[in-house]
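Note that the structure is predicted; figures quoted are calculated from it, not measured. Start at 1 and go down the list; that is how both ligands and their atoms are numbered.
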Amino acid sequence: MSRKVILVTFTSLMLVFILGLGINSLAQEEMPFGGADDVKFANNLWKAMQGYEDWPMSSGVYPGTSPHGEFLRMYYNMVHVDGTPYHIIVKDNYGGEDATREMVAESPGDYLAAVTIMLQREDGYDPENNNWFWVKYGPDGKIMQNPKGVALAGRVAKGTGQACISCHANAKGDDYLFSNDQ
Ligand code: HEC
């Protein structure tokens, strides 16, 4: 091969590589949920909200509705994530074989199945859906994933007609909140 051919081949390969990178990062930016920024925010949030079980504004254990747990507890507060204050609603989802309200209230840790979050992000995060940031954590604080392995953090699951946003869109008052509907 002549030097020229090698040079042309090399340049084309580099171009394909750079183009590939570009498309890849574009796809990441446009991911409505489970992208690197959302996962990072959710992990920082988990650290920031530790101790939420003792927040003064919280409910007792009450019977839940599907798809949330058999029993629930709800907590409200402001949290600072990366120095910015946000409104947050935390919902503990409990379940387990023949769990009763008394048993859950007695030892919540034994029945905690998931921790679901709604946190109001800055303007522009998701203007069509009230800028809510959604997360589903396991009881250990690990972000749970959908069947495709995408982390349930961010605008979950915008554009799919399923999960958090599309169901909460049915709440009265266009605020995506069910608990203030009565
Ligand atoms: C099929 C419908 C449905 C889906 C899907 C759903 N939720 Fe909910 N969610 C509800 C209902 C109904 C309530 C009120 C339950 C209650 O407190 O009795 C609720 C309550 C909540 C609350 C307390 C604030 C409020 O609206 O009262 C949070 C936080 C929450 N959900 C987070 C999530 C997250 C995060 C997801 C996705 C991972 C999700 N939800 C998926 C129906 C749904």
Strictly under 4.0 angstrom, heavy-atom based: which residues surround ligand 1? Tyr62, Thr65, Pro67, His68, Leu72, Met74, Ile89, Lys91, Thr116, Ile117, Met118, Trp134, Val135, Lys136, Ala163, Cys164, Cys167, His168, Tyr176, Leu177, Phe178, Ser179

If you look only at distance, which donor and acceptor atoms sit under 3.5 Å apart when one is on a side chain in residues 78-90 and the other is two or more places apart or in another chain?
unit_1: Asp82; atom_1: OD1; unit_2: Asn44; atom_2: ND2; d: 3.2
unit_1: Tyr86; atom_1: OH; unit_2: Glu122; atom_2: OE1; d: 3.1
unit_1: His87; atom_1: ND1; unit_2: Tyr76; atom_2: OH; d: 2.5

Are Phe133 and Phe41 close enough that their ring centres sit under 6.0 Å apart? yes

Quick one: do Glu53 and Arg73 make a salt bridge, cutoff under 4.0 Å? no

Measure from the ring center of Trp134 to the ring center of His168 and say whether it is less than 6.0 Å. yes

Taking it one step at a time, do Asn93 and Val115 satisfy side-chain contact (heavy atoms from CB on, under 4.5 Å)? CA-CA 6 Å; Asn93 301 247; Val115 182; 5.6 Å; no

Heavy-atom count around Lys136 NZ within 6.0 Å, excluding the residue itself: above 12? no

